[in-house]
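Bear in mind the structure is a predicted one, so any value in this text is a computation, not a measurement. Each chain gets a letter, A, B and so on, in the order the sequences are listed, and its residues count up from 1.
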Amino acid sequence: MSSSSAELSEQEQRRREERTELEERGIDPYPYTWDVDAHAEEILDTFEDDKHQPDDGEPGEYEVSIAGRITGMRVMGGSAFFDLRDESGTIQVYVRSQDLGEDFYEEVFTELFDIGDIVGIEGFVFRTGMGEVTVRAADDFQLLAKSLRPPPPVKEETEDGEVVEQHYEVTDKEFRYRQRYVDLFVNPDTREVFRQRAELISTMREFLDDRGYLEVETPVLQPVYGGATARPFKTHHNALDMPLYLRIADELYLKRLLVGGLEGVYEISKDFRNEGLSRFHNPEFTMMECYVAYKDYEWMMDTTEALLRTVTTALHDDPVIEFEDHEIDMGGEWTRIPFFDAIEDATGFDLYQSDVEQVYEVANDDLGLDEVDPDMDLGELLDEIFSETVEPALIEPTFITDYPIELSPLAKKHRENEGLVERFELVVAGREIANAFSELNDPQDQRERFEAQARQRAEEEDVDVSDLIDEDFLRALEYGMPPAAGLGIGIDRLTMLLTGQESIRDVILFPLLRPE
RNA sequence: AGGCUCGUAGCUCAACUUGGUAGAGCAACGGACUCUUAAUCCGUGAGUUGGGGGUUCGAAUCCCCCCGGGCCUACCA
């Protein structure tokens, strides 16, 4: 994108002229530092109560040095108010000609400073006649970065320092996703979502660290991908002249670490899946996966309850959240119901140990599901029935347990029930939030399931069966992996749930979009 | 990939149904104003109506194609 003046808006050209004018006056439009010793929110908090009632308009003991972006400006002749926005919030600044010198006030401030510029203020805190806590720029006022692009207009109605109403005029979601930097400085709600996301992750990390699990980093670039069924992104390493895949899951590497003798490991990191985009899917997304030796999925359900209770409480000071008109209690013990029982409760059909034909009949004839066809295998049919009839109705946190083996090639066979595995998914508000199993550690069983899976995929995608099997992972299992429980939680979807966002794009800073 | 829907000034929108040459608020610019707060008052400039083609004397408006967005569906355990 060239910046020839013909392409610039009138406002952009004017700001460039102002920059030149500043330089001609010997004012650096991009100086180096500013000593900040206060932020908007803490100043407002401090003076909220009447004990700290600053003298009206007199320099007092409340000296502060602040910095931020100018938002609204209200100039009245020889004095002016503007709003200064820093990371913590917004505070009003008062500027007077007689404080700063007429030359600076009339020729620099009112002429060459604009909304969007980043400035530093040294002065003192006072309360205006209207009662608003305000910083008077009595001692110093400097430009810290000239803004050459006008920001979208922002207006706030405030009352006693409280923002009563936002007048944020960019409602275009595309603009907000593409120019997230603008969304962030203009919209405090956006900043709050990402602050909560960070707190969620650090609370989760603290929870896992406290239990002695080791945070590790495993390869993103993998010669064989696995641990989930999804199409991968493919890339190429030049020096080794070999194809590589971006990981679709961390699972197979983390389990190698259990073989290595680590008894509790976790990783919080990006996975990549080359699939479609939707409000629940971004091609790169963040997963937490955790594996603990000598435990099983029953134990992992208890741990998951504790983890999510801790995280929810950290964000809301309360385990009860509001989501899409529901009140959801993330504290307490959650219902645990086996997969086939849940289907029977919802449909009246007991499909445990039914064959493909019977399940197809139920799905198609009895339940009238649109998306089923006779080519689907047993796993696909059961999954379709489950996600159409059971999942949407589960609002309160619910563990669905004991999945059919066809759906779970990495989970250990159920210790009692034929055809099932020891697996659970946690469903909240109709969404899958966590997925976990007693991990399959029998290398022969694992090889058979890999091969069955690979044969099917090799047919569909016209590739070699041997290329699809992670032989090194099987080699590791053959050395012996302790019994273990594993858990995966999609951080983006959990963030959506806990911050009330309806699109994954609202919890990812820079979601993938088509190129402009 | 399919369905629905949208694209007009820096931002939010009107004019489209019923074709007549684009308008308002905010932002910007000039002026007044030293406790305002969506400041106010007076004045000014600002648009290839997403792009291309067609119909017409005349298209933001009607028709076709393309580009881009949003929502839904599909794919994605």
Side-chain angles (χ1 to χ4, degrees), chain A residues 8-15 17-18 56-57 71-83 90-99 102 105-106 110-111 114-116 126-134 136 149-178 182 186 227-231 248-249 273-283 285 339 370-371 377 379-384 386-387 391 400 403-404 406-411 423 425 432 435 437 453 488 502-503 505 513-516:
Chain A
L8 294 175
S9 72
E10 189 187 324
Q11 294 186 40
E12 286 167 327
Q13 285 184 51
R14 186 184 53 74
R15 283 167 183 256
E17 288 161 13
E18 286 172 355
D56 286 338
T71 55
M73 277 236 244
R74 299 171 288 281
V75 179
M76 304 150 295
S79 76
F81 291 91
F82 63 84
D83 300 317
T90 306
I91 192 164
Q92 181 170 259
V93 174
Y94 182 48
V95 187
R96 298 167 60 122
S97 167
Q98 60 199 153
D99 284 347
E102 223 169 281
Y105 183 89
E106 279 175 16
T110 55
E111 292 300 313
D114 288 301
I115 287 176
F126 73 108
R127 203 180 287 269
T128 66
M130 300 300 286
E132 182 165 353
V133 173
T134 299
R136 179 159 148 194
R149 259 176 210 273
V154 184
K155 304 267 178 175
E156 283 175 352
E157 281 181 63
T158 54
E159 239 170 57
D160 301 326
E162 298 281 310
V163 175
V164 181
E165 201 182 337
Q166 272 282 323
H167 303 267
Y168 170 44
E169 304 227 69
V170 176
T171 51
D172 180 358
K173 283 193 166 186
E174 188 196 359
F175 180 94
R176 296 174 59 182
Y177 298 146
R178 286 195 193 278
V182 176
V186 154
T229 55
R231 279 179 298 172
I248 59 172
R273 296 187 184 175
N274 206 341
E275 309 281 2
L277 302 149
S278 79
R279 71 192 183 101
F280 298 112
H281 300 85
N282 195 60
F285 60 100
F339 182 87
D370 297 337
E371 304 298 338
D377 63 36
E380 288 171 322
L381 286 167
L382 289 171
D383 189 45
E384 181 64 23
F386 179 79
S387 44
E391 212 165 51
I400 302 295
Y403 279 67
E406 290 82 1
L407 287 170
S408 318
L410 296 162
R423 170 184 179 182
E425 283 198 0
E432 297 157 23
N435 183 23
F437 0 106
Q453 198 188 17
E502 61 188 20
S503 170
R505 289 175 167 174
L513 304 171
R514 263 174 235 272
E516 279 182 87

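Distance from the side chain of Met76(A) is smallest to U34(B) among U34(B), C75(B), G70(B). Taking only side-chain atoms of Gln92(A), from C-beta outward, the nucleotide of G68(B), U37(B), A28(B) with the closest atom is U37(B). Closest approach to the Glu10(A) side chain among A46(B), U36(B), A77(B) is made by A46(B) (side chain taken as heavy atoms from C-beta onward). Closest contact between the side chain of Ser97(A) and the listed nucleotides U34(B), G70(B), A77(B) involves U34(B). Candidate nucleotides C71(B), A74(B), C29(B) were compared by shortest atom distance to the side chain of Arg14(A), and C29(B) ranks first.
Between Arg14(A) and Glu18(A), at least one side-chain N (NZ, or NE/NH1/NH2) sits under 4.0 Å from a carboxylate O, which counts as a salt bridge.
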The test is salt bridge (charged side-chain N to carboxylate O under 4.0 Å, His left out); show your working for Glu275(A) and Arg231(A) and say whether it passes. CA-CA 7 Å; Glu275(A) 309 281 2; Arg231(A) 279 179 298 172; 3.3 Å; yes
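For Phe82(A) and Tyr94(A), the ring centers are positioned 6.0 Å apart or more.
Residue-to-nucleotide proximity on RNA chain B shows that, of Asp114(A) and Glu275(A), the 5′-proximal contact is made by Asp114(A). Taking for each of Thr229(A) and Gln11(A) the nucleotide of RNA chain B with the nearest heavy atom, the 5'-most of the two is the partner of Gln11(A).
Rounded to whole Å, the P atom of C62(B) lies 23 Å from the corresponding atom of A24(B). Taking atom C1' in both A38(B) and G69(B), the straight-line distance is 29 Å, to the nearest Å. Taking the C1' atoms as reference points, G7(B) lies 16 Å from A15(B), given to the whole Å. Remark: the separation of the P atoms in G23(B) and A46(B) is 12 Å, to the nearest Å. A gap of 30 Å separates the C1' atoms of U55(B) and C13(B), to the nearest Å. Nucleotides A22(B) and G54(B) have their P atoms positioned 22 Å apart, rounded to a whole Å. Taking atom C1' on both nucleotides, A28(B) is separated from C64(B) by 39 Å, rounded to a whole Å. Spacing between G50(B) and C6(B) at atom P, rounded to whole Å, works out to 13 Å.
A donor-acceptor contact closer than 3.5 angstrom is absent between the side chains of Gln92(A) and Arg136(A).
In this structure, the side chain of Ser408(A) does not engage the main chain of Leu410(A) through any donor-acceptor pair within 3.5 Å. Looking only at distances, no side-chain donor or acceptor of Thr90(A) sits under 3.5 Å from a matching main-chain atom of Asp83(A). Judged purely by atom type and a 3.5 angstrom limit, Asn282(A) has no side-chain atom pairing as donor or acceptor with the backbone of Phe285(A). Judged by distance alone, with hydrogens and angles left aside, the side-chain atoms of Glu12(A) form a donor-acceptor pair with the main-chain N or O of Ser9(A) at under 3.5 Å.
Among the protein residues, Leu277(A) comes within range of the nucleic acid bases, having at least one heavy atom under 4.0 Å from a base atom. Among the heavy atoms of the strands lying under 4.0 Å from Pro409(A) is at least one base atom, whether or not backbone atoms are also near. Using a 4.0 Å heavy-atom criterion, one finds that Arg149(A) contacts no nucleic acid atom at all. As judged by a 4.0 angstrom heavy-atom cut-off over every strand, Glu111(A) is placed among residues touching the sugar-phosphate backbone only. Ala228(A) comes within contact range of at least one nucleobase, with a heavy-atom separation under 4.0 Å.
Atom CD1 in Ile400(A) sits about 19 Å away from atom P in A77(B), given to the nearest Å. When the C1' atom of U12(B) is taken as reference, atom CZ of Phe175(A) falls 13 Å away, rounded to whole Å. Atom-to-atom, CG of Asn282(A) to P of C75(B) comes out at 19 Å; the value is rounded to the nearest Å. In this structure, the CD atom of Glu132(A) is 11 Å from the P atom of A39(B), given to the nearest Å. Atom-to-atom, CD of Glu432(A) to P of A77(B) comes out at 10 Å; the value is rounded to the nearest Å. For the pair Ile115(A) CD1 and A38(B) P, the computed distance is 14 Å after rounding to whole Å. Going from atom CD of Glu391(A) over to atom P of A77(B) covers 13 Å, rounded to whole Å. Summarising the geometry, the separation between OH on Tyr94(A) and C1' on A39(B) is reported as 14 Å, rounded to the nearest angstrom.
Within 3.5 Å, a donor on the side chain of Thr128(A) pairs with an acceptor on the base of U36(B), or the reverse.
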When Watson-Crick pairs (N1 to N3 and N6-O4 or O6-N4) and G-U wobble pairs (N1-O2 and O6-N3) count only below 3.5 Å on both distances, what is the dot-bracket string of RNA chain B, with | for other-strand pairs? (((((((..((((......[..)))).(((((.......))))).....(((((..]....))))))))))))....
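Considering only side-chain N and O atoms, Arg74(A) lies under 4.0 angstrom from the phosphate OP1 or OP2 of A39(B). The phosphate of A77(B) (OP1 or OP2) has no side-chain N or O of Arg423(A) nearer than 4.0 angstrom. Taking side-chain N and O atoms only, Ser79(A) has no distance below 4.0 Å to OP1 or OP2 of C35(B). Taking only side-chain nitrogens and oxygens, Arg178(A) never comes nearer than 4.0 Å to OP1 or OP2 of G68(B).
When every heavy atom of Ile400(A) is checked against every heavy atom of Phe339(A), the shortest pair comes out as CG2-CA, 3.7 Å.
No more than 12 heavy atoms of other residues, nucleotides or ligands shown are found within 6.0 angstrom of CZ on Arg149(A).
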